[in-house]
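Notes to accompany the following structure.
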Amino acid sequence: MDLNGLIWTKNVTPIDGEIWAYENIDTIYPDLKILALHWRKLKGRDENNARYPLETELIILRQHGKITHIVKMLNDQLYRDTNAKDEFNIYRIVQVVWMTDNWEHPPENDKVFDCSIHFPRFGKAIKLENTPYVSEKG
């Protein structure tokens with residue numbers, strides 16, 4: 001797997017009583033593993049953040065302190081989800097590059113990054129190179 005475009009990380013939140021977000025890829029094109037990655041648009045506050053990751057860049061998706069997906073941005077377009085029943089009503093089209101095969105025990109942040117990482121729990125995309133949340137293992 002080519003991770004040269006790995007630039008971002010984003011915390012995602014399950015909805016509708018799900019344990020994991022995006023566990024079942026059935027949103028747009030399941031055979032191609034293409035889905036809609038949602039951002040919050042409550043009073044427009046995360047719309048700019050949703051535009052930051054560029055086409056072909058990769059994002060690590062985190063939830064519950066675990067790494068569950070690596071996705072690739074397929075374009076630079078921001079879409080509105082008119083069917084969304086909550087504030088997560090804007091999205092970008094992404095393709096899953098990697099997804100955990102063990103939903104009972106997905107890898108933890110520090111196992112993947114080989115250091116202790118404490119990312120904030122908000123759902124904004126964070127550039128990995130700018131993150132102040134990394135501390136070296138001793």
*side-chain contact (heavy atoms from CB on, under 4.5 Å) assessment of Leu78 paired with Glu47*: CA-CA 8 Å; Leu78 182 63; Glu47 192 166 338; 3.4 Å; yes

*Check step by step if side-chain contact (heavy atoms from CB on, under 4.5 Å) holds for Leu128 and Leu6.*
CA-CA 8 Å; Leu128 290 171; Leu6 186 57; 4.0 Å; yes

*Please lay out, stage by stage, how Lys127 and Ile7 fare under the test side-chain contact (heavy atoms from CB on, under 4.5 Å).*
CA-CA 6 Å; Lys127 229 175 192 179; Ile7 296 175; 3.7 Å; yes

_Audit row: Trp20, His105, ring pair (Phe, Tyr, Trp, His ring centres under 6.0 Å) steps and yes/no_ = CA-CA 11 Å; Trp20 300 103; His105 302 288; 9.9 Å; no

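At least one side-chain heavy atom of Val96 sits under 4.5 Å from a side-chain heavy atom of Leu35. At a threshold of 4.5 Å between non-hydrogen side-chain atoms, the residues Thr100 and Trp98 count as touching. At least one side-chain heavy atom of Ile90 sits under 4.5 Å from a side-chain heavy atom of Trp39. At least one side-chain heavy atom of Ile34 sits under 4.5 Å from a side-chain heavy atom of Ile93. Side-chain contact between Asp46 and Lys124: present, with at least one pair of heavy atoms (C-beta onward) separated by less than 4.5 Å. Using a 4.5 Å cut-off on side-chain heavy atoms (C-beta onward), Tyr22 and Met99 make no contact. Side-chain contact between Glu55 and Lys72 is absent, with no heavy-atom pair separated by less than 4.5 Å. With contacts defined as side-chain heavy-atom distances shorter than 4.5 Å, the pair Val94/Leu74 does not qualify.
Here the CG-CH2 distance, from Asn49 to Trp8, works out to 7.0 Å after rounding to the nearest 0.5 Å. Of the inter-residue distances, the one linking Thr9 atom OG1 with Ile67 atom CD1 reads 5.5 Å to the nearest 0.5 angstrom. For the atom pair CD of Glu57 and CG of Asn4, the computed distance is 12.5 Å after rounding to the nearest 0.5 Å. Interatomic distance, Ile19 CD1 to Gln63 CD, rounded to the nearest 0.5 Å: 10.5 Å.
Residues meeting the side-chain contact (heavy atoms from CB on, under 4.5 Å) test with Glu18, sequence neighbours left out: Pro14, Ile15.
Arg92 places a side-chain N or O within 3.5 Å of a backbone atom of Pro53 that can act as its donor or acceptor partner. Not a single donor-acceptor pair under 3.5 Å links the side chain of His69 to the backbone N or O of Glu23.
Around the NZ atom of Lys10, the shell of radius 6.0 Å holds more than 12 heavy atoms that belong to other residues, nucleotides or ligands.
A salt bridge is absent between Glu108 and Arg62: the closest approach of a Lys/Arg side-chain nitrogen to an acidic carboxylate oxygen does not fall below 4.0 angstrom.
Under a hydrophobic clustering in which Ile, Leu, Val, Met, Phe, Trp and Tyr are joined whenever their side-chain heavy atoms come within less than 4.5 Å, directly or via other members, Leu61 and Leu54 fall into different clusters.
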